Structures are given as structure tokens and as C-alpha cells.
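Atom set for the values below is all heavy atoms of this structure, side chains included, hydrogens, waters and symmetry mates excluded. Since the model is a prediction, treat every value here as computed from it, not as a measurement. Ligands are counted one by one from 1 in listed order, and the atoms in each one are counted from 1 as well.
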Amino acid sequence: MADAMSENSWSDSLQPLEFEKSVKDVADSSCLKAVPSKFNFTNESSAFTADALPVVDFSALSSGDPHQRSKAIDHLATTCQEWGFFILVNHGIPESLMNATLTAVKEFFYLPDSVKKQFEAKSVLDPIQCGNLKVTTASNQSFTLWRDYLKLCVHPQFHCPHQPYLLREAVMDYSERIRKLCRKLMEAICDAVELDQQYMDQVLEMDSTSQIFVGNYYPPCPQPDQAIGIPPHTDTGLFTFLINNGVVGLQIQHDGKWFDVHYPPNSILVNVDDHLEIFTNGRCKSLNHRAVVNKERERVSVAILNGPSFEAVVGPAAPLVEKDGRAMYNSMKYKDFLELKLTKSRLGDKSFLEKQRT
Ligand code: OGA
Ligand code: NI
């Protein structure tokens, strides 16, 4: 049995996985009363309910009224610094498209294991991967996550299975709209920290940004305190956008405490990732978060991780380093960062981002 959950980060990972059987199939077996031992991870998943979580109104960010826009930008920057997380409203993505994406992803997970198995990952950077993940702790114990996943590289090249029938169209349309939103948020962050947008375009190679689409399926779990969906981790890119089927399960860490995330329908949960923290020389904070499971309801979520170009070498922005007197992080090619984080991280170790601090 693995240790009690550590507060340290583990990377959401493409680590070598096993796909003997989907977690969904394990959970579907009618007599399952206890979590099978390979999933066993004792954890304290209780969390606080925040009085109010930060909300960002996207329409104010793109307002034609300069005063309103500048107020909205200040609010976004403060939120990214203090929370690393916000609920995005008035974003303009149709609710029908978000629902279609969640439905198609759920249908994918309902396909027989024999079909899904063909997308089993062979290496950490495969453009299409599905299965479940085994996590190793710093003390060299392993356990499997109570979660099936589908991971697709959707930009700069688009990869997606051809079934179920509506998946490709929904993933393509939804990812493209998220890419545009992310671009606008990045422009607003540049304005807030007084960085030239052309500088950002050049350094992050924004014309060939990377985008990874992750579908998560968390079946009902007979003992939610004996298994975990995803242990604490930060995401690797710039901003991650998350939607789900209305079942609570995402928890975020703020001021050392864990909070459940409750959100209004049609909103998108957005978090700051490692490379936004690095690029802003620590002004924005990469959010530590986890996914817990529950006894009653299946949970489906879709996370889109928007990063710089895989080929971009990213470190703290030079004008900010000049202002601050020093670079707080090392620079590295984004693809190398991803690969190293995904293959080397151990649950309970110092996080990969912390290791990049100078
Ligand atoms: C992720 C993630 C949380 C969730 O996929 O990186 O943090 O609520 N997902 O599914
Ligand atoms: Ni995550």
C-alpha cells in the first residue's frame, strides 16, 4: 500500500502505462465492494468549500472600453498571482459544443477495451494515447490511478481516433476555440506585466503552439479514500482549460489548504501552468491540483493543456529578468521539459518545476 498522500507535486504523466483492463471495466464488475490492491492509495480527500473562488469575465477582457479592459486585466493578473486559478465566464464557447465534446469523450471510454487497446501508448510523446497510469512514489511503491485517460496531441498537428463517430469534429472545433481564448489570455497577461506581445510570439513561438487534449474518465469508486483519480500535480504548459460533466472532483491548493471546486454551468476552469510561471519569472503561480473520486457517480472531464511550441526554448522573459535583477528559473526546450517531467517525476519528490528554480 502506498504512503498517505504527499503535498508535493506529481506530474500528470505519459509515464509508461499498463492497459491490461480499463478502470471502467474493473469498476463495472458487479460484485466490486473494495478497491483492488493495485489501486490502493490511502488518502485524505476531504477539502474546504471556498466562500468565493475567483471569477474572470472574458467579455470584460476584450471590452472596447479601455478603462473596463484595464480593470479586467489587473484582476486577471492578481488572480494568476494569488490563486493560479479562476473560473472563466462569458467566454463565448457554445455550451452545446462543450457538451458534445464531453459526450463524445465519454462514448470513447465506453468503447470495448479491445478497441481502445490499439491506442495504448508506446512512448511518452506518442500523439495518441489511452489507458491507465501507474504512479511510483519517492519510496518506490507503485499504484494505479482510478482513472482512464485519452491523451491527444491536437496542435500543431491534429491527432484523434476516428471513433466514436462525433469525436474528431468536436475535439477539433473545441480545441481551436480554446486556442483562441488562450491566446487572448496570454495577450492580457503580457499587458499586465508590460511585455511586448511580439516578444511573446517570438519566444514562445506562438504560431506553432502545442496543445494536448486530455479526456479523463473516473468511474464510481467503492472506497474513495483508498484510491485517487490524479494525485497532486501541476500542469506543464501555459494555461489549462478544464470542463466536466457537473460531478465535483477537482480540488485546488490555495494557501496550503485544499478546496473543492464548485462552478456554475457553462463556465471553464482555467489554471496557470509551469511555463507561465517560468515565463513571467514567478509573477503567475502554477496551480497544484488533484482529482478525487466518489462512490456514486461517474465523472468525465476534458483538460486542454496549451503550451508554447514544443521546439521553443523557454525561460523567464528577458525584460522581466532585467527588472527583477535575476532569472528565477532555468531555460529549457519545452519538449525536453515535458519528456523529463513525465519520465522522471516521483510522487512525493520535489516537483519538477521546483527543480528548475535557480
Ligand atoms: C489533468 C487534471 C483534473 C480533473 O487532466 O491534468 O488535472 O478534474 N484533471 O479531471
Ligand atoms: Ni492537471
Side-chain angles (χ1 to χ4, degrees), residues 5 8-15 17 23-24 43 45 47 53 83-88 98 101-102 105-106 108-109 121 124 129-133 135 145-154 171 174-175 178 182 210-221 224 227-254 258-263 267-277 285-294 297-307 337-338 341-342 345 347 351-353:
M5 184 185 291
N8 282 329
S9 291
W10 166 79
S11 65
D12 180 24
S13 107
L14 303 156
Q15 279 166 358
L17 62 144
V23 183
K24 182 176 182 307
N43 72 91
S45 60
L53 289 170
W83 286 81
F85 166 84
F86 52 89
I87 296 170
L88 188 68
M98 307 204 307
T101 308
L102 286 163
V105 163
K106 178 174 153 178
F108 177 85
F109 289 115
V124 296
Q129 311 182 25
C130 116
N132 38 67
L133 288 180
V135 168
L145 303 186
W146 193 263
R147 163 229 194 198
D148 292 320
Y149 79 92
L150 169 67
K151 198 164 232 169
L152 310 170
C153 181
V154 292
V171 171
Y174 180 59
S175 310
I178 291 289
C182 184
S210 62
Q211 233 187 349
I212 298 171
F213 177 105
V214 185
N216 298 302
Y217 180 81
Y218 308 95
C221 176
I228 185 108
I230 309 183
H233 67 286
T234 59
D235 294 339
T236 310
L238 296 164
F239 277 117
T240 297
F241 290 64
L242 186 109
I243 54 174
N244 56 44
N245 65 338
V247 177
V248 177
L250 174 69
Q251 294 182 343
I252 61 167
Q253 200 176 34
H254 178 66
W258 286 100
F259 290 92
D260 280 317
V261 177
H262 300 272
Y263 37 86
S267 55
I268 303 179
L269 313 176
V270 182
N271 58 267
V272 171
D273 300 345
D274 296 348
H275 277 77
L276 190 54
E277 178 168 329
K285 293 283 181 292
S286 188
L287 177 82
N288 206 23
H289 56 289
R290 67 187 181 192
V292 301
V293 293
N294 77 84
R297 296 180 64 191
E298 67 185 356
R299 177 161 182 264
V300 181
S301 72
V302 165
I304 300 196
L305 287 72
N306 301 270
F337 186 105
L338 254 179
K341 180 172 170 176
L342 301 179
S345 295
L347 183 61
S351 78
F352 194 69
L353 177 61

Exercise. In this structure, which one of V105, L269, L102, V300 forms a side chain to side chain contact (heavy atoms under 4.5 Å, CB included) with I243?
Worked result: L102
Need the ligand 1 atom indices (1-based, order shown) with element for anything under 4.0 Å from a heavy-atom of [X].
X    : answer
I230 : 1 (C), 2 (C), 5 (O), 9 (N)
H289 : 7 (O)
S301 : 4 (C), 10 (O)
L250 : 3 (C), 8 (O)
A303 : 5 (O)
Y218 : 3 (C), 4 (C), 9 (N), 10 (O)

Problem set entry | Y149 near ligand 1 by a heavy-atom separation under 4.0 Å | no
Donor-acceptor under 3.5 Å ([X] side chain, [Y] main chain):
X    : Y    : answer
N244 : L242 : no
N306 : L238 : no
D148 : V23  : yes
N43  : A227 : yes

Answer side chain, backbone, both or neither: which part of [X] comes under 4.0 Å from ligand 1, heavy atoms only.
X    : result
R290 : neither
L305 : neither
N244 : neither
D235 : side chain

Exercise. Does the cation-pi check pass for K341 over F337, that is, NZ or CZ under 6.0 Å from the six-membered ring centre and within 45° of its axis?
Worked result: no
Exercise. So is R299 polar-close to ligand 1, meaning N/O to N/O under 3.5 Å?
Worked result: yes
Problem set entry | Closest heavy-atom pair and its distance - Q251, W258 | O-CZ3, 3.5 Å
For this session: Report the distance from atom CD of Q129 to atom NZ of K151, rounding to the nearest 0.5 Å.
Result: 6.5 Å
Seminar exercise, completed: In this structure, the Ni ion (ligand 2) sits at the vertex of an angle between OD1 of D235 and NE2 of H289 that rounds to 10° as 100°
Exercise. Taking only residues two or more places apart in sequence or in another chain, which ones pass side chain to side chain contact (heavy atoms under 4.5 Å, CB included) with V247?
Worked result: N245, N294, R297, R299
